[in-house]
Chemist: 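Quick one: the structure is below, questions incoming.
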Amino acid sequence: MSEANMTLVFDGPSVDDGEIDVQDLAPALLAMGELIQAANQEINGNRAQISVKVRATAEGSFEVDLALIQSFLENTKILFDFAAENKDGIAAANELTELLFKFVGGTVTMGGGLFALVKFLKGRKPDKIEHNGGDVHIHIGDNHFVTNQRTIQLAESVAVREQAKKSISSLSNNGIDKIKVKRSGHDDLEVSKSEVGYFEYEETEEELADETRTMTLQIISLSFKEDNKWRVTDGGEPFSATIEDSTFLNKIANNEIAFSKGDYLVCEVRERQFRSSKGLKKERSIIEVKDHKPAAQQLRLI
């Protein structure tokens with residue numbers, strides 16, 4: 001079993017009397033617990049489990065003591081012992097707090113964990129990333145930040161970043177100006193109200209496929225709004241498609257084309273498939289309308 005302790009501190013006029021609104025405290029504590037769980041899952045997978053427990057509060061600016069208690073699954077003790085000499089082993093509770101909350105001195109450029117890295121980046125993309133032994137150097141202009149690959153792994157995890165954002169969300173409320181993470185023997189990590197925006201992130205999508213093919217589509221509904229998304233079907237499940245054929249759109253604008261219910265379009269359709277943490281997504285766009293066929297009005301006897 002591995003254990004670490006930390007204190008979460010809320011500063012601001014709303015907590016000067018040692019009290020805090022439960023609507024500010026509860027989401028922050030839940031998100032902090034989820035953040036540590038997500039970090040443990042990202043780094044250790046199913047090899048270790050961790051729980052976050054709340055201890056008695058201290059008076060003053062509102063403080064909450066948290067205990068991280070980590071247990072290792074059967075047969076993982078060898079892996080844990082291995083971690084002392086190999087960075088790819090299990091990250092113990094204390095190391096997880098380092099990966100999340102480490103802060104060095106009065107400037108984050110000296111190095112640190114996830115929160116310090118987010119504060120350094122300020123929502124910007126790095127100009128350059130260099131690996132030097134076990135260290136990772138992140139450069140923005142003339143400034144650089146030193147961390148490690150595991151912190152980068154957390155920074156690239158959507159689950160971890162989402163909980164990091166939620167854990168400081170109470171700073172968006174009036175009366176709470178700062179949140180601190182205090183750990184014995186370490187410099188305090190501090191996040192201020194002005195830094196909340198740094199914890200926003202853009203989720204990246206991986207493109208899996210991009211192909212164009214000729215399709216015959218039946219019109220379900222048309223749209224002449226800015227996005228020009230029409231509902232169509234190829235005989236299967238209906239879907240939305242953006243009309244990108246400017247010649248076709250101009251003919252519609254000039255009343256050169258009229259539509260009836262059930263009309264068909266012979267089109268060149270581009271289909272793109274993406275993967276993200278939310279699952280698979282497909283986008284379709286009609287890049288060229290080759291023919292417009294009216295709906296059948298009569299039965300064919302022969």
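For reference, positions follow the sequence shown, starting with 1.
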Chemist: Do L222 and I252 belong to the same hydrophobic cluster, where Ile, Leu, Val, Met, Phe, Trp and Tyr are linked whenever their side-chain heavy atoms lie under 4.5 Å apart, directly or via other members?
Modeler: yes

Chemist: Step by step, would you call K119 with E190 a salt bridge (charged side-chain N to carboxylate O under 4.0 Å, His left out)?
Modeler: CA-CA 10 Å; K119 283 160 59 76; E190 179 181 297; over 6 Å; no

Chemist: Could R272 and E207 be called an ion pair, given the rule that one side-chain N must be under 4.0 Å from one carboxylate O?
Modeler: yes

Chemist: Give, for atom CD1 of I129 and atom CD of Q149, the distance between the pair rounded to the nearest 0.5 Å.
Modeler: 8.5 Å

Chemist: If you measure from CG on N94 to CE on M6, what distance do you get to the nearest 0.5 Å?
Modeler: 11.5 Å

Chemist: Checking T212 now: which residues fulfil side-chain contact (heavy atoms from CB on, under 4.5 Å) with it, not counting sequence neighbours?
Modeler: E268, R270, I287

Chemist: Does the pair T97 and R183 meet the rule for a side chain to side chain donor-acceptor pair (under 3.5 Å), with working shown?
Modeler: CA-CA 9 Å; T97 62; R183 297 180 298 136; 3.2 Å; yes

Chemist: Looking only at heavy atoms, what is the nearest atom pair of S172 and V196, with distance?
Modeler: OG-CG1, 3.8 Å

Chemist: Any side-chain heavy atom of I286 within less than 4.5 Å of one from L217?
Modeler: yes

Chemist: For E42 versus Q153, what's the shortest heavy-atom pair and its separation?
Modeler: O-NE2, 2.8 Å

Chemist: To the nearest 0.5 Å, tell me how far L114 CG sits from T147 OG1.
Modeler: 8.5 Å

Chemist: Specify the closest pair of heavy atoms between G33 and V52, including all atoms of both residues, with the distance to one decimal.
Modeler: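 The answer is CA-CG2, 4.1 Å.
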
Chemist: Do H186 and E98 have side-chain N/O donor and acceptor atoms under 3.5 Å apart?
Modeler: yes

Chemist: Verify the ring-centre separation between Y198 and F120: is it less than 6.0 angstrom?
Modeler: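 No, they do not, as the ring centres are separated by 6.0 Å or more.
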
Chemist: Does any N or O in the side chain of S167 come within less than 3.5 Å of the main-chain N or O of A31, such that one atom is a donor and the other an acceptor?
Modeler: no

Chemist: State whether the number of non-hydrogen atoms from other residues, nucleotides or ligands found under 6.0 Å of N254 atom CG is greater than 12.
Modeler: yes

Chemist: If you define the side chain from C-beta out and look only at heavy atoms, does anything of W230 sit under 4.5 Å from I243?
Modeler: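 The answer is yes, as the side chains (C-beta and beyond) meet within the 4.5 Å cut-off.
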
Chemist: How far apart are the C-alpha atoms of V289 and V266, what are their side-chain angles, what is the distance that settles it, and do they pass the side chain to side chain contact (heavy atoms under 4.5 Å, CB included) test?
Modeler: CA-CA 6 Å; V289 178; V266 180; over 6 Å; no

Chemist: Less than 4.5 Å apart, any side-chain heavy atom of V136 and any of V146?
Modeler: no

Chemist: Please round to the nearest 0.5 Å and tell me the distance separating atom CD1 of I179 and atom CG of L189.
Modeler: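 The CG atom of L189 is 10.5 Å from CD1 of I179, to the nearest 0.5 Å.
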
Chemist: Any side-chain to backbone donor/acceptor pair from S169 onto K166? Under 3.5 Å, distance only.
Modeler: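 Checking the backbone N and O of K166 against the side chain of S169, a donor-acceptor pair under 3.5 Å is found.
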
Chemist: Y201 and F274: same hydrophobic cluster, using ILVMFWY side-chain contacts below 4.5 Å?
Modeler: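 Different clusters: Y201 never reaches F274 through Ile, Leu, Val, Met, Phe, Trp or Tyr contacts under 4.5 Å.
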
Chemist: Quick one: pull up CG in N148 and CD in E95 and give me the separation to the nearest 0.5 Å.
Modeler: 7.5 Å

Chemist: Are F103 and D188 packed together at the side-chain level, in the sense that at least one heavy-atom pair is separated by less than 4.5 angstrom?
Modeler: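 F103 vs D188: side chains apart.
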
Chemist: State yes or no: are the ring centers of F259 and H292 separated by less than 6.0 Å?
Modeler: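 Under 6.0 Å, so yes.
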
Chemist: May I ask you to decide if R47's main-chain N or O and N44's side chain share a donor-acceptor pair within less than 3.5 Å?
Modeler: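 No; zero donor-acceptor contacts below 3.5 Å.
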
Chemist: Can you see which heavy atom on F10 is nearest to which on S170, and at what distance?
Modeler: CE2-OG, 3.7 Å

Chemist: Return yes if some donor-acceptor pair links the side-chain N/O of E271 with the main-chain N/O of E283 below 3.5 Å, else return no.
Modeler: no

Chemist: Identify whether the distance between the nearest side-chain nitrogen and carboxylate oxygen of R161 and E156 falls below 4.0 Å.
Modeler: no

Chemist: Of the non-hydrogen atoms in Q37 and I50, which two are nearest, and what is the gap between them?
Modeler: NE2-O, 2.7 Å

Chemist: Going hydrophobic residue to hydrophobic residue with side-chain gaps under 4.5 angstrom, can you get from V54 over to L96?
Modeler: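 Shared cluster, yes.
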
Chemist: Can you confirm whether L8 sits close enough to K180 that some side-chain heavy atom of one is under 4.5 Å from a side-chain heavy atom of the other?
Modeler: no

Chemist: Could you give me the CA-CA distance, side-chain angles and deciding distance for K293 and D263, then say whether salt bridge (charged side-chain N to carboxylate O under 4.0 Å, His left out) is met?
Modeler: CA-CA 6 Å; K293 296 181 178 295; D263 281 6; over 6 Å; no

Chemist: If you take all heavy atoms of N174 and S14, which pair is closest and at what distance?
Modeler: O-OG, 3.5 Å

Chemist: May I ask you to test the L280-L208 pair for a side-chain heavy-atom distance under 4.5 Å?
Modeler: yes

Chemist: Quick one, D11 and I176 - any side-chain contact, counting heavy atoms below 4.5 Å?
Modeler: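 Counting from C-beta outward, D11 and I176 never come under 4.5 Å.
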
Chemist: If you count heavy atoms of other groups shown closer than 6.0 angstrom to CG of D291, is the number above 12?
Modeler: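 Enclosed: over 12 neighbouring heavy atoms sit under 6.0 Å from CG of D291.
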
Chemist: Looking at residues at least two apart in the chain, or sitting in another chain, which of them share a side chain to side chain donor-acceptor pair (under 3.5 Å) with Q163?
Modeler: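 For Q163 there are no side chain to side chain donor-acceptor pair (under 3.5 Å) partners, ignoring immediate neighbours.
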
Chemist: Would the distance check show the side chain of N40 and the main-chain N or O of A48 forming a donor-acceptor pair, the cut-off being under 3.5 Å?
Modeler: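 The answer is yes, because a donor-acceptor pair under 3.5 Å joins these two groups.
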
Chemist: Would you check, one step at a time, whether the test side chain to side chain contact (heavy atoms under 4.5 Å, CB included) holds for T216 with L265?
Modeler: CA-CA 6 Å; T216 299; L265 299 176; over 6 Å; no

Chemist: What distance do L154 atom CG and F115 atom CZ have between them, rounded to the nearest 0.5 Å?
Modeler: 10.5 Å

Chemist: Test E19 against V15 for side chain to side chain contact (heavy atoms under 4.5 Å, CB included), laying out the working first.
Modeler: CA-CA 5 Å; E19 295 181 349; V15 295; over 6 Å; no

Chemist: Output all residues satisfying side chain to side chain donor-acceptor pair (under 3.5 Å) with S194, sequence neighbours left out; order by chain, then residue number.
Modeler: S192

Chemist: When you group the ILVMFWY residues by side-chain heavy-atom contacts below 4.5 Å and let the links chain together, are V232 and I257 in the same group?
Modeler: yes

Chemist: Within the supplied structure, the quantity of interest is the number of heavy atoms (other residues, nucleotides, ligands) at a distance under 6.0 Å from Q23 CD; does it exceed 12?
Modeler: no

Chemist: Run the side chain to side chain contact (heavy atoms under 4.5 Å, CB included) check on C267 and F248 step by step: do they pass?
Modeler: CA-CA 11 Å; C267 312; F248 178 69; over 6 Å; no

Chemist: Give a yes/no verdict on a cation-pi contact between K165 and F199, requiring under 6.0 Å between NZ or CZ and the six-membered ring centre and an angle within 45° of the axis.
Modeler: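 No - K165 does not lie over the ring of F199 by the 6.0 Å and 45° rule.
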
Chemist: Carefully, step by step, assess K193 and E195 under the rule salt bridge (charged side-chain N to carboxylate O under 4.0 Å, His left out).
Modeler: CA-CA 5 Å; K193 187 182 291 291; E195 296 171 320; over 6 Å; no

Chemist: Does L30 share a hydrophobic cluster with L25, counting links as ILVMFWY side-chain heavy atoms below 4.5 Å and allowing steps through other members?
Modeler: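 Result: no, two separate clusters.
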
Chemist: Do K251 and T247 have side chains that approach each other closer than 4.5 Å (heavy atoms only, starting at C-beta)?
Modeler: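 Side-chain contact under 4.5 Å: yes.
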
Chemist: Donor-acceptor check, side chain of D127 to backbone of G141, threshold 3.5 angstrom: yes or no?
Modeler: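 Confirmed, D127 side chain pairs with G141 backbone.
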
